[in-house]
Trainee: 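Here it is, the structure, as C-alpha cells.
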Amino acid sequence: MQSLGGIRSWPATWRTTTASMTTTTTESVRKVAQVLTVAGSDSGAGAGIQADIKVCAARGVYCASVITAVTAQNTRGVQSVHLLPPDFVSEQLKSVLSDFEVDVVKTGMLPSPEIVEVLLQNLSEYPVRGRVALVVDPVMVSTSGHVLAGSSILSIFRERLLPLADIITPNVKEASALLGGVRIQTVAEMRSAAKSLHQMGPRFVLVKGGDLPDSSDSVDVYFDGNEFHELHSPRIATRNTHGTGCTLASCIAAELAKGSNMLSAVKVAKRFVDSALNYSKDIVIGSGMQGPFDHFLSLKDPQSYRQSTFKPDDLFLYAVTDSRMNKKWNRSIVDAVKAAIEGGATIIQLREKEAETREFLEEAKSCVDICRSNGVCLLINDRIDIAIACDADGVHVGQSDMPVDLVRSLLGPDKIIGVSCKTQEQAHQAWKDGADYIGSGGVFPTNTKANNRTIGLDGLREVCKASKLPVVAIGGIGISNAESVMRIGEPNLKGVAVVSALFDQECVLTQAKKLHKTLTESKREH
Ligand SMILES: Cc1ncc(COP(=O)(O)OP(=O)(O)O)c(N)n1
Ligand SMILES: Cc1nc(C(=O)O)sc1CCOP(=O)(O)O
Ligand SMILES: [Mg+2]
C-alpha cells in the first residue's frame with residue numbers, strides 16, 4: 001500500500017514563520033500552512049481537538065477540525081464519551097476537504113471502525129493524494145486510563161490506516177496493542193516494536209517512551225525504515241502532562257505543513273513539548289491528578305522557550321562551513337547548509353573568514369530561515385555584528401576573539417555562546433564567563449585552520465574532565481577517526497565539529513549521512 005506520501009516541498013517563494021501564520025506568497029497569492037485534525041473533543045481542553053488547535057496556533061499554522069467524539073472530562077479523568085454518528089463525521093470531513101487546501105491531516109481519537117472507514121473513504125474521495133501528509137496518533141487509552149478506542153479498531157488500523165500514514169506516533173501501550181500485546185519495557189524492545197510497526201506500512205514510526213519504567217530520561221525511538229534515532233530528554237517533574245501525545249503529534253503535523261522534513265519536524269515537536277511542560281510545570285488548573293499545560297509559552301516567555309532550544313546533544317554532528325571550500329566545489333553557503341542538515345547535521349556554524357559583510361549578512365539570513373524551519377540551531381563564527389543582525393541562535397568565539405563575558409552582555413541571556421578551549425584553565429574561564437559549550441581541538445592536525453596547535457585525544461580528555469560545559473571536539477576529524485574521538489568516553493563530550501569532512505567533498509549530503517551513521521553507531525557501542 002502507498003502512503004498519502006505528500007510531505008510537500010514548498011515552492012521557492014518567500015516564507016516567514018513569526019507569531020502570525022506561516023505563509024508563502026507567489027505574487028499576489030498568500031498561502032497559509034494548514035492542518036486538519038480529526039479527533040475527539042476534550043471538555044477540559046488539555047488534549048484532543050482543543051490541544052491540537054492551540055498547538056497549531058502556537059506554531060503559526062491554521063488548524064481545521066473534524067470532531068469524532070465528545071468527551072466529558074477534566075483533570076480527574078474521563079466521565080463520559082459520546083461518539084458522533086459516522087455520517088456526521090463524514091459531513092464534517094467533506095466540508096473541510098472540499099474547501100480547504102489542507103497540507104497535513106492529523107488523526108487522534110478514532111473511536112470506532114465505522115469512523116475510521118468514513119475517514120478512509122473521504123481521504124480517497126478528495127483529490128489530495130500526493131499533497132497531503134498523514135500523521136496518525138493511534139489514541140486508544142486516555143492518560144487517566146479511560147479506553148477511548150477499543151480493540152475493535154485494531155484490525156482496521158493495522159490493515160487500512162497505518163499503511164497510508166506518513167508517520168505513526170504510538171506510546172508503548174499503543175505500540176504493544178497494535179502488535180498484539182508484545183512486551184515493551186526497554187529501549188531495545190521499543191526499537192524492535194518500531195521495526196515491526198514499520199512493516200505495517202507507515203513511512204516513519206515514532207514510539208514514545210514517556211511511560212517506560214525505570215528510566216531517568218524520556219526516550220522516544222524514531223525509525224525511518226533504515227536508521228533508528230533515539231530522542232532523549234530529561235523527565236520533567238510535573239502533574240501537568242495531560243495532552244502531551246496530542247501536542248506532540250499536532251506539532252509534528254504543523255512543522256510538516258510548514259515544509260519541514262520528518263526528522264526535523266519530530267525533533268522540533270519534542271522540544272516544543274519539553275519546553276511547554278517545563279514552562280507550565282507549576283501552574284494549577286483543576287484539582288485532579290493530571291493537569292493541562294500551557295501551549296502559548298513562546299508568546300508569553302520567549303526567553304524561556306528560546307533558551308531551552310539548545311540542548312548539549314545538538315553538538316552531536318556540528319557542521320562548520322568554509323567559504324574557500326564552497327567556492328572550490330561551486331556551491332553556495334545556503335546549498336551547503338541545506339545538504340548538511342538533510343544529511344543529519346545537528347547544529348550549523350557559518351565560518352566565512354573571507355566574506356564581505358553585506359553579502360555575508362544576506363546569506364546568513366537565508367541560512368537562519370532554513371535552520372529555523374528544520375529545528376537546527378545556527379551560530380556565526382567570530383562576527384557578533386552579523387549574529388545580531390541576522391538573529392542567529394548564537395556565536396562561536398575563540399581565545400583571541402571578543403571575550404565571552406562581553407559577547408554575553410551584547411547578545412543577552414537567550415543566545416548560545418560557544419568558546420574554543422585548549423586547556424583546563426580556559427575551560428573553567430568559559431564556564432565562569434557564561435558560555436554554553438566548549439569547542440576543543442585541534443584533536444588531530446588540520447589544514448583548515450593555519451598554525452593550529454594540536455592537543456590530541458589526551459588534550460581533549462583533559463579539557464572534558466575540567467569542563468562543566470558540554471564539549472564538542474574539532475580539528476582533523478572525519479569518518480575514519482570520529483569513532484576514536486567518541487571512544488574517549490567522557491560523558492560531556494557530545495559530538496564532533498567538522499569542516500573539510502563535509503564541505504571539502506563533492507557531495508555534502510552523502511558525507512553528512514555517513515558521518516551521522518558512524519557517530520550513531522559509536523554512541524550505541526559506548
Ligand atoms: C566548534 C568550534 N570549535 C572551535 C572553533 C575555533 O574557533 P576559533 O578558535 O575562534 O578559530 P576560528 O574558527 O575563528 O578560526 C570553531 N570555529 N568552532
Ligand atoms: C575551525 C577550527 N578550529 C580548530 C580548533 O582547534 O579550535 S580546528 C579547526 C578546523 C577544523 O577543520 P577540519 O574539520 O577541516 O579539520
Ligand atoms: Mg574565532
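Here, residue 1 is the first one in the sequence, and each next residue gets the next number. Heavy-atom basis, side chains included; hydrogens, waters and symmetry copies ignored. The structure displayed is predicted, hence computed values, not measured ones. One-based numbering, in listed order, for ligands and for the atoms of each.
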Trainee: Looking only at atom types and distance, does a side-chain atom of Lys106 sit under 3.5 Å from a main-chain N or O of Asp137, one as donor and one as acceptor?
Mentor: no
Trainee: Would you mind running through ligand 2 and noting each atom that sits below 4.0 Å from a heavy atom of Ser500?
Mentor: 13 (P), 14 (O), 15 (O)
Trainee: Has Ser250 got a side-chain atom pairing as donor or acceptor with Cys246's backbone, closer than 3.5 angstrom?
Mentor: yes
Trainee: How far is atom 14 (O) of ligand 2 from its nearest protein heavy atom, and which residue and atom name does that atom have?
Mentor: Val499 N, 2.9 Å
Trainee: Which is the closest N/O/S atom of Asp401 when seen from the Mg ion (ligand 3)?
Mentor: OD2
Trainee: Under 4.0 angstrom from ligand 2, any heavy atom of Val320?
Mentor: no
Trainee: Can you tell me which residue and heavy atom of the protein come closest to atom 9 (O) of ligand 1, and the distance to 0.1 Å?
Mentor: Ser420 OG, 3.0 Å
Trainee: Looking only at atom types and distance, does a side-chain atom of Lys415 sit under 3.5 Å from a main-chain N or O of Ala392, one as donor and one as acceptor?
Mentor: yes
Trainee: Should the ring pair His396 and Tyr318 be called parallel, tilted or perpendicular, given that the plane angle runs from 0 to 90° and is split at 30 and 60?
Mentor: perpendicular
Trainee: In terms of atom number and element, which parts of ligand 1 are under 4.0 angstrom from non-hydrogen atoms of Asp382?
Mentor: 10 (O), 14 (O)
Trainee: Who's the nearest protein heavy-atom neighbour of atom 8 (S) of ligand 2, and how far?
Mentor: Asn452 ND2, 3.4 Å
Trainee: Starting from atom 12 (P) of ligand 1, what is the nearest protein heavy atom, named by residue and atom, and what distance separates them?
Mentor: Lys353 NZ, 3.3 Å
Trainee: Starting from atom 1 (C) of ligand 2, locate the nearest protein heavy atom and write down its residue, its atom name and how far away it is, to 0.1 Å.
Mentor: Arg351 NE, 3.4 Å
Trainee: Non-hydrogen atoms of Ile474 versus ligand 1: any pair closer than 4.0 Å?
Mentor: yes
Trainee: What protein heavy atom is closest to atom 7 (O) of ligand 2, reported as residue, atom name and distance in Å?
Mentor: Ile474 CG2, 3.8 Å
Trainee: Please say whether the positively charged group of Lys523, taken as NZ for Lys or CZ for Arg, lies over the ring of Phe316, i.e. under 6.0 angstrom from the six-membered ring centre and within 45 degrees of the axis.
Mentor: yes
Trainee: What atoms of ligand 1 come within less than 4.0 Å of a heavy atom belonging to Tyr318?
Mentor: 1 (C)
Trainee: Which residue and atom name correspond to the protein heavy atom nearest atom 15 (O) of ligand 1, and how close is it?
Mentor: Arg351 NH2, 2.8 Å
Trainee: Between His229 and Tyr222, how do the two ring planes meet: parallel, tilted or perpendicular, split at 30° and 60°?
Mentor: perpendicular
Trainee: Which of the atoms of ligand 1 are close to Gly439, meaning less than 4.0 Å from one of its heavy atoms?
Mentor: 3 (N)
Trainee: Considering the heavy atoms of Gly398, write down every atom of ligand 1 situated less than 4.0 Å from one of them.
Mentor: 8 (P), 9 (O), 10 (O)
Trainee: Please list the nearest protein heavy atom to atom 3 (N) of ligand 2 with its residue and the distance rounded to 0.1 Å.
Mentor: Lys449 CD, 3.4 Å
Trainee: Could you check atom 18 (N) of ligand 1 against the protein and tell me its nearest heavy-atom contact, residue, atom and distance included?
Mentor: Gln349 NE2, 3.0 Å
Trainee: For the Mg ion (ligand 3), find the closest N/O/S atom belonging to Asp382 and write down its atom name.
Mentor: OD1
Trainee: Return yes when Gln399 approaches ligand 1 closer than 4.0 angstrom through a heavy atom, no otherwise.
Mentor: no
Trainee: Which residue and atom name correspond to the protein heavy atom nearest atom 11 (O) of ligand 1, and how close is it?
Mentor: Lys449 NZ, 3.0 Å
Trainee: Considering the heavy atoms of Asn381, write down every atom of ligand 1 situated less than 4.0 Å from one of them.
Mentor: 12 (P), 13 (O), 14 (O), 17 (N)
Trainee: So, 4.0 Å and heavy atoms of Gly476: is ligand 2 close enough to count as a contact?
Mentor: yes
Trainee: If you measure every N or O of Val397 against every N or O of ligand 1, does any of those distances drop under 3.5 Å?
Mentor: no
Trainee: Looking at ligand 1, does any of its N/O atoms fall within less than 3.5 Å of an N/O of Tyr437?
Mentor: no
Trainee: So is Arg453 close enough to ligand 2, meaning a heavy atom under 4.0 angstrom away?
Mentor: no
Trainee: If I apply the N/O under 3.5 Å rule, does Ser440 come out as touching ligand 1?
Mentor: no
